[in-house]
Each structure stands twice: as structure tokens, then as C-alpha cells.
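Worksheet: one structure, shown below.
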Amino acid sequence: MSSQASHGRELAAAFIPAEIEAPLDQKWVDAGYFTADAASTKEPFTIVLPPPNVTGVLHIGHALDQTLQDCLSRMKRMKGFEVLWLPGMDHAGIATQNVVEKQLGSQGKSRHDLGREAFVAKVWEWKAESGGAILDQMKRMGSGVDWTRERFTMDEGMSNAVVSIFKKMYDTGLIYRAERIINWCPRCLTALSDIEVEHSDDAGELVSIRYGEGDSAIIVATTRAETMLGDTAVAVHPEDERYKHLIGSTVEVPLVNRHISIVGDEHVDPAFGTGAVKVTPAHDVNDFEIGQRHNLATIVILDAEGRVIGTNTAFDGMDRADARKAVVEALRAEGRIVAEKRPYIHAVGHCSRCDTTIEPRLSKQWFVKVAPLAQASADAVRNGSVKIEPVALEPRYFEWVDNMHDWCISRQLWWGHRIPVWYGPAGEVVVVGPGESAPAGWTQDPDVLDTWFSSGQWAFSTMGWPDKSADLVKFYPTSVLVTGYDILFFWVVRMMMMSIFAMDGVPPFKTIMLHGLVRDQFGKKMSKSRGNVIDPIEFMDKYGADALRFTLARGANPGTDQALAEDWIGGSRNFATKLWNATRFAMMNGAHVNGDLPAFDSLNDIDRWILSRLNETVAEADSLLESYEFSRACELIYHFAWDDLCDWYLELSKETFASADKASSQRVLGHVLDQLMRLLHPVMPFITEELWCTLTGGESLVTAQWPVADKSQVDKQAEKVVASLQEVVTEVRRFRNDQGLKPSQKIPGRFSGNKDVVSYQSALRSLLKIETSDFTPSATLEIAGTTIELDLTGSIDVVAERARLEKDLATAQKDQKTAEVKLGNEGFMAKAPTEVVVEIRERLAKTTSEIERITAALAALK
RNA sequence: GGGUGGUUAGCUCAGUGGUAGAGCGCCUCGUUUACACCGAGGAUGUCGGGGGUUCGAAACCCUCACCGCCCA
């Protein structure tokens, strides 16, 4: 054990993640490293955590999201920024209400049994007991958020902000109430916004129905036959020759015997079906618009729970699905079914919370007029004040903000921010802002606001808006938003709109960094039904948080999905173990960080080489991380650590560390590990902290300085020397292997030729098990200008050696031919850049001499 | 139907004009005092098909096929 280790600590022989991770997270939180200071003079770096649902548990997507955010915030902190990473949760209106309703249901009760006030109290109670499990799970990951600033979308400050914003938007004319077709969930009994509806291709039916008789008959097709009970027109394209003569006439709707008009509308696609469509303005968005254009009546035929009502037919009281069948049967009995296609695969909307089929429904709701806000949000990206990474995802963003419908924000729920609108006895409407109160006797709108209305304010309400708080001044706008592309429209666009509105046109973030989804090892979506869900907690227990984080970061190419398999997490754990063992070995050999680095020029080639590689790695990794190229950065650091440092530097230096002349190398190795741990810390915070503190005696990497590349330590000459050493080692190993020599078997040999190589022969001898003694060479290898004569104690395996040489010869001949063809190509010689021509010439010379060498060796084998 | 991404080694994916790469898996050898969660060596690709641009194409253009995602 070296006396140089200044702190007297040793590393355990085996790396066990569980033993180091939990105490370290506690150490960081206790030290207050993650608590941001609004009074700091440092440049701010802000990230707001996309708030998970209060009902949520940590899934692999959160793990990825948080790994990337933690990685950025840790790096920026090390770079000297005042970092705020603000955590919190979303009250998740429908989801949370459903959870508590389900609980009540198991006791045979409904929310109506409790009444509104008691039910909401019950939800708060649930939150206190069971909500927010995800926050504890975040700690397990090492996510360095500022817990002192944790927020909840329903807490007092945010609720206050929600009311302020509502009033401000109402006063500006951006919020209005109107009767529209909205998405209605007949199970949740509430309106939903477009984004809360998920479309899937379902097997339905397409039924063609004949309306009217004889020459004036017209055939329409529908997937929802029951809606014909509410038809108030048939529409055709105004230029459609087949129907032109019918426009303006009327036709009778079967079963209800109502006469409706045939209208001409540009919206109708003459090529679809028969070119004639039935129009049900109360139950279809497009039909509603046609109805508006032609002043059609709207007839509501379904109640809130999706049952037929008010048609004065036998269908009244039937559920929509039953009614559909019954209506078709009745029509068939009348001989009006012209064609039926079953199954007919078409897109059907489902409630994103309970999967019930959505019913378009005419009802009075509150809306946000999005046009001006969406325009401003689009402009912010178009004019470059907000950047989207990767740029390739910009079109998706524009597709949305440029074609946005008004946003339905009222929900017929109890859990959420109640709409601050009060109605007077004579139908007066007033918005009651914070600190204000409604006149006595007025009643408040019963609905609550869409959850996204409050989470859309996450970037500024969490910092104290509408007060001009110190946090808001210091940390707004946020630096980067890290989130999956799947909620670009759900949340990101809403954040843009709300923030630009509330913060006088200043967008909520400078950069939107979008990552993809985590999928299973075959690229399939994870789902409970497939049984391919990877639980991050389970795998952190098994392999450590660092291993999970490294795997996720390494797989994170900008904007694209990644596949994940347990084996790969195991691979990352192996990497952590490698780092542990390498550091332990280094410390056993006296690696340390005391005093200045020896003068660069005084170092041997191997030390200069590893420093050179270190500085190249630092420079490149930094630039990759700054451009959100997590995968490439991880890949780069991984190969530097494992290949350059462990496989080559440590192996080539073992002789040095066993010699008296080791002082410089001990300091160099300490420095390389010190810098490597800093570089890896954002991705693998636990193991790097443990190793770095043990090696250097420092307090914490969290507050240590980020490495800066030193160009003066990049040494191409040393890299060339080591490349030659590597070539010699690899080729001799290959020769030994082909000759069937055991790895441990020592053989006599000598080196001559290339002075750089020969001067490191003691290291080579040790690596290649070549001993010095008098002998008669039975094999001679020529590698990198070096002659290596070996004694294989008698005869060598000629067949194996011939095979090896012939393989090398074939490769060399192929390369030679490629080079010759190029150099013989006039076009190439005339147009290719000089450096490429030079390179090919060198390649030709090299392959030619290789061929001579191998040919001679083959001849000598006989 | 509109938009958009993809098709590279057995699997999952990097690679935006100059001799095809990684991880995992596979085969062979190995109890060398950091590490078997390891080391050494090895096999495996007409880079989806066709056409074009170029001295040169996995990469750029056109086209076809197939897969995916978002939206309607």
C-alpha cells in the first residue's frame, strides 16, 4: 500500500453499489449542494422537472428523463453555474379522481354519496397518505433536485396563480364560453381536450343506408348508424354531377320519418363512399361545422352516459352500442341496408384515462382562444429565441402550433382548480380573482380546469408568479426543458403559450431538448399486457443506480427511441466494477493527486499518450454533452476508460510501477483518474463520488470543477509511439494464438529495429510473456518497423503460420489494389483533395511493403 | 388521406462524401498477484431493391418495397 495516499482510505475489494449509493445521496442533500441561491452572482442554469402525476410511480421513462436532467444540471454546477433544478408534482385531475373513486367504489360508494366537499377532502387525504411515492424513488436515482423548492400544482401559490391567469386571459378575451362539439367520456362524465383522446384502429362496421325512394333516393354510409336518429341533413359536394339536381330538395330519414334537406358543401369528399354523407350536427365535429354553415338544427339523441334519449322511438333508453345494432336491424327490416362491411377497421377515439370510446357531444364549455398564443409560440421557435433539439423534430412542433383548435379547459370533475367564474341571478357572469369575492347569492361554476391549464404554468408559477419574486428574476426563463417527444403537444406547447402570455412574451425555456421512449430489447413498446416492462427500482436494486443511469444515457440519441435489455444494464454495472477495480489497482500502485503534474516534456511516451488521450476525450465529451449527444459522450468516455486507460495504459505501465522510476507515472495516473471521475460524474454520480473522494481526499465531486481540456497536452508523436506498441502487442498475440501457445507460456525472444518500440521492450516482454535468454530463432515477425525474433522451442506450426500469413497477404493485396485503382484514376488524381491523394499513396506504399514482407516470410516457411 | 422517421453484423443501434463500427450475443484459449462483473484471439455485413449525381456514395437526389410514429 502506497504511503502517498493522503487520506488513509482504502477501497473495498468488491464493488457493491447498494453499499455506497444511499449514504451518498443523503450526504449531498444534507450538505445542501442542490439548494439554489437566488442571491448568487453566478450565471443561472435552470431546469424545471416535468411534474409527474401525484398518482405516479417511477417508470423507466421517468428514469431516462431524470438521468438526462441530472446529468446536465450536475455538469453545469461543476462548470460554476448557479443551478436550480425544481421538482414537484401534478395533481392529475382525472387520474387522481379515478383512483379515489375506485377506492370508494370498493366500499360500495360513489363520490356523489360523499358530496363535493367531502370528496375533495378525501382526495387530499389520499394524497397525504399514498401520493407522491415517485419523489422518494427519485432520491434512489440520485436526482439532484432542490427539495426546498418542491411544488404541487394544487398548492396555495399555484392555485393563486391559476386564478390570476384565468382572470387575465378572460379580461383579454382569450377565454370564452361556448356551445361546441367536444370530446365526451361517457364513463368519466366529463369533457376532454383533443390531446386527452387517443385514437386506435378498431374493428367497427360501415353500413350504407338508403334514404328516400326512387329517383330522389340517396345512399349514405356510416360507422355510427344510431346517429341517424339525429340527422338534420344529407350533404353532397356542390359540384358532384350525381347529386347536383338533388341539392335543395328534401329526403325522409327512415325510422324517425323526419324530412331533412340535401345541402351542397365543399367539405364533402365526392370520392369517399357514395359521395353523400348524413349530417348529425349534435354528435360529430365535421357535421357540426356543416350545420353551422347551413343553419341546420341540432338534435341531441344521446345523454351524458351515452344512452339514446328523446327520439320517441323504441331505441330510447338503449346504450349507444345496443342502439347501433338495433337501428341496423330495424333498417334492414325496412330493406334500407344497401351494403354492410364488417369488420370495418377505422380510427376510433378513446379516453386516455379509462379507454372508453369517446362520444362527440354538443355542450357548453369554457375554451381558450389559442390562435394568438399559438402564433406567438410558433414565432418563438421560428425566430430562434427557443431552440428545439434535435432540430429534426421542429416540423412536428409546427404541425401542431400552426393547426391548433381552441382548447376546451372545463372539466366536469371535482378534483382540480375550480373555475373562478360566478353567475348572478340574472345570468350575470363575473370572474373572481385572488382576494376578491362574488356578490352574495351568486353561484360558482361547478366545473374545474383541465390539469394542463395549471401544469402549463409550471415554468413561472413555481417560482412565485404573479409576484416578481427573487427566484423568478434570477431563474426565469429556464435554460432547457428536457422531456419526451410524446408530450411535446400535451405539455410543452401549453407551457409555451401560458408563459409567453404571463411573462410578457418571454418564452419559458431557451432550449427544448426532446428524447425518445424507452422500449424493450426488441424495440417494442413496454406494456403490462406484453409483460415486457422494466421496473427501474428493481434494476437499480440489482445493478445499482449508476448502471441504470449509464445504460439510459448511453442509449439516448437525440429525439429517438431506445431499446433496453437487462443484459445491457448488467454491462454498465460491469463498467462500474471495472472503474472500481482500476482505481483500487491504481491506488495500490501509489496513484495520487498531490502536487503539480510533472513537466509534460519530462514524461515517458506512455504517460504523455494517456494525457493526450485524456485531453482529447475531455474536449470531445464536453462538446457532445453541451449539444445533448448523451449517447456519443458516454460511448467516448467508456472507451477511453476501458480501452485506453485499463487495457493499455495500466497494462503497459505495470513494469514502470514495479520499478524504482515510477514517481511521475503515479502522479499522472492519479491525475487521469481524477479527471475521468469528474467527467463521468454527471452520468454516474455515485461510484465516481466514492472513488474520487477516496483517491483525492476531496469533499465532493458535486461541487468540484469540471475538467477543461489542455491542448498543450495533446501529443500526436506519443500517440504514434503507443500505436506502434499496440500493433506489436496485438500482432504477436495473434501469432501466439495461431500457434496454439497458452497465454501464460513464456518463450524466448528479442526485439530490434524501431527504436521507439525497442525502448519499451521490458513492458512488451511482460505483456507478451517473452523472456530474454540465448536462443535460435524459429520465427521472425516484422511489425511496425520492428523485428521480433522468437524461439518456439523447436518447430513452429507451419500450417497455422501459413494460414495466418496468407490471410494477411490477401488483406494487403486487396488494400493495395484499391489504392492502385484510385491512383490510376485520372478523375481522382485531378479532383480529389491533396491530403486524400497523399493518404492513398501512403497506403499503397505500406501495403506494397507488407506484401513483400509477407511473401518473403511465406517463402522462408518452406 | 396528410405529415414524419426508419430499413447497416444474430439482436439493439451509431456512423451526413475518402479502406464498414459499438454494446450484447456467438466460437477458441486462459485460475498472468486490479478485475472471470475478467483478459487474449476469432467469425459474421453485395449498409432494403433499382436508377442517378460524383474522381469517389451507407451517407446526396429520384423511384419502388416494407416497417413505425404523429395527426385526421
Side-chain angles (χ1 to χ4, degrees), chain A residues 11 13-15 194-195 199 269 271-272 285-286 346-347 349 392-396 398-400 403 485-486 488-489 516-517 519-525 543-544 547 551 554-555 557 559-589 629 631-632 634-636 638-639 642-643 646-647 650-651 654 658 729-738 740-746 766-769 807 811 814-819 821-833 835-837 839-840 843 847:
Chain A
L11 291 170
F15 166 55
D194 291 347
I195 54 177
H199 295 269
D269 177 5
F272 183 80
V285 180
N286 292 326
H346 63 125
L393 288 176
E394 274 186 5
R396 287 196 187 203
F398 290 130
E399 195 192 331
W400 251 78
N403 303 296
Y485 63 72
D486 56 326
L488 182 60
F489 317 128
L517 274 37
R519 295 169 171 275
D520 78 1
Q521 60 183 312
F522 302 113
K524 300 288 177 207
K525 203 169 177 179
Y543 300 104
T551 309
R554 189 182 191 176
N557 287 113
T560 61
D561 292 350
Q562 65 169 299
L564 181 67
E566 176 169 0
D567 275 355
W568 309 341
I569 305 173
S572 298
R573 186 270 319 265
N574 295 353
F575 177 49
T577 307
K578 190 77 182 174
L579 294 170
W580 184 276
N581 285 317
T583 306
R584 196 163 64 93
F585 175 70
M587 290 180 65
M588 279 163 51
N589 283 284
E629 293 273 9
S631 176
R632 292 171 64 187
C634 289
E635 197 71 18
L636 187 78
Y638 175 90
H639 285 291
W642 201 313
D643 301 351
C646 295
D647 287 349
L650 291 180
E651 295 301 332
K654 276 180 178 172
V729 170
T730 305
E731 287 302 308
V732 172
R733 277 171 174 167
R734 190 159 76 96
F735 171 78
R736 289 183 54 120
N737 212 289
D738 291 347
L741 296 177
K742 303 283 183 202
S744 56
Q745 186 179 336
K746 293 182 177 172
S766 147
L767 276 182
L768 296 168
K769 298 286 178 286
K807 190 183 160 197
T811 307
K814 186 172 157 254
D815 290 351
Q816 183 192 43
K817 195 172 176 195
T818 312
V821 167
K822 284 206 170 193
L823 292 170
N825 181 333
E826 281 180 30
F828 175 79
M829 296 306 286
K831 295 185 179 175
E835 61 271 23
V836 175
V837 176
E839 195 191 318
I840 303 291
R843 198 181 300 158
T847 53

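First the proteins, then the strands, lettered A, B, ... as listed; each starts at 1. Computation of the quantities below employed the complete heavy-atom set of this structure, encompassing side-chain atoms and omitting hydrogens, waters and symmetry-equivalent molecules.
Dashed line: the shortest gap from a side-chain N or O of A:Trp568 to OP1 or OP2 of B:rC37 is not under 4.0 Å. Using a 4.0 Å cut-off, some side-chain N or O of A:Arg843 falls inside it from OP1 or OP2 of B:rU19. Distances shown here put a side-chain N or O of A:Thr560 below 4.0 Å from the OP1 or OP2 atom of B:rA14. At the phosphate of B:rC29, neither OP1 nor OP2 sits under 4.0 Å from any side-chain N or O atom of A:Lys742. Considering only side-chain N and O atoms, A:Lys578 lies under 4.0 angstrom from the phosphate OP1 or OP2 of B:rG39. Distances shown here put a side-chain N or O of A:Asn574 below 4.0 Å from the OP1 or OP2 atom of B:rC38. Listed pair A:Lys807 / B:rA43 meets the phosphate criterion, a side-chain N or O lying under 4.0 Å from OP1 or OP2.
The A:Met588 side chain lies nearest to B:rA34 when the options are B:rC70, B:rA34, B:rG18. Of the candidates B:rG39, B:rC69, B:rU32, the closest approach to any side-chain atom of A:Lys769 belongs to B:rU32. The side chain of A:Pro833 approaches B:rG18 more closely than any other nucleotide in the set B:rG3, B:rC69, B:rG18. Considering only side-chain atoms of A:Lys654, the nucleotide from B:rG18, B:rA34, B:rU4 that sits closest is B:rA34. Comparing atom distances between the A:Asp647 side chain and each of B:rA40, B:rG18, B:rG68 picks out B:rA40 as nearest. In this structure, of B:rG18, B:rA34, B:rG42, it is B:rG42 that holds the atom nearest to the side chain of A:Arg734. For A:Asn581, counting side-chain heavy atoms from C-beta on, the closest listed nucleotide (B:rA34, B:rG18, B:rG39) is B:rA34. Ranking B:rG68, B:rG18, B:rG25 by closeness to the A:Arg396 side chain, first place goes to B:rG68. The listed nucleotides are B:rU12, B:rU4, B:rG23; the one nearest the side chain of A:Tyr638 is B:rG23.
For B:rA36, there is no paired nucleotide, since no Watson-Crick or G-U wobble pair has both relevant distances below 3.5 Å. The partner of B:rU46 is absent, by the rule that a Watson-Crick or G-U pair needs both atom distances under 3.5 Å. B:rC66 is paired with B:rG6 under the criterion used here, namely a Watson-Crick or G-U wobble arrangement in which both key atom distances are under 3.5 Å. The partner of B:rC11 is B:rG23, judged by Watson-Crick or G-U wobble contacts that both fall below 3.5 Å. Pairing for B:rU53 is absent, judged as Watson-Crick or G-U wobble with the two contacts each under 3.5 Å. B:rA59 makes up no base pair with any nucleotide shown, lacking Watson-Crick or G-U wobble contacts both under 3.5 Å.
Checked for salt-bridge contact, A:Arg734 and A:Glu731 meet the test: a charged N lies under 4.0 Å from a carboxylate O.
Note: CG (A:Asp643) to P (B:rC38) measures 13 Å, nearest angstrom. Rounded to an integer number of Å, the gap from CG of A:Leu393 to P of B:rG68 is 20 Å. Atom pair A:Glu635:CD and B:rC13:P shows a separation of 15 Å (rounding to whole Å applied).
Side chains of A:Lys524 and A:Arg519 form no contact here, defined as non-hydrogen atoms less than 4.5 Å apart.
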Using the rule given for side chain to side chain contact (heavy atoms under 4.5 Å, CB included), can you reason through A:Arg584 versus A:Phe15, listing the C-alpha separation, both sets of side-chain angles and the distance that settles it, and then say yes or no?
CA-CA 10 Å; A:Arg584 196 163 64 93; A:Phe15 166 55; over 6 Å; no

Begin with the C-alpha distance, continue with both residues' side-chain angles, and end with the deciding distance and a verdict on side chain to side chain contact (heavy atoms under 4.5 Å, CB included) for A:Asn737 and A:Arg733.
CA-CA 6 Å; A:Asn737 212 289; A:Arg733 277 171 174 167; over 6 Å; no

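Among the heavy atoms of the strands lying under 4.0 Å from A:Thr730 are primed sugar atoms or P, OP1, OP2 only; no base atom is included. The residue A:Trp400 sits close only to the backbone: its heavy atoms come under 4.0 Å of sugar-phosphate atoms, none of a base. Among the atoms of the strands shown, none is found under 4.0 Å from any heavy atom of A:Glu826.
A pairwise comparison of heavy atoms in A:Cys646 and A:Glu651 identifies O-CG, 3.8 Å as the closest pair.
With RNA chain B read from its 5' end, the first of the two nearest nucleotides for A:Glu839 and A:Gln521 is the one closest to A:Gln521. A residue-by-residue look at A:Val836 and A:Pro743 shows that A:Val836 has its nearest nucleotide of RNA chain B further toward the 5' end.
Of the possible polar contacts, one joining the A:Arg736 side chain to the A:Leu768 backbone as a donor-acceptor pair under 3.5 Å is found.
A cation-pi geometry, defined here as NZ or CZ lying under 6.0 Å from the six-membered ring centre and within 45° of its normal, holds between A:Lys654 and A:Phe585.
Interface remark: the A:Arg573 side chain does form a donor-acceptor pair with the B:rC37 base, using a distance-only criterion of under 3.5 Å. A donor-acceptor contact under 3.5 Å is not formed by the side chain of A:Gln562 with the base of B:rA14.
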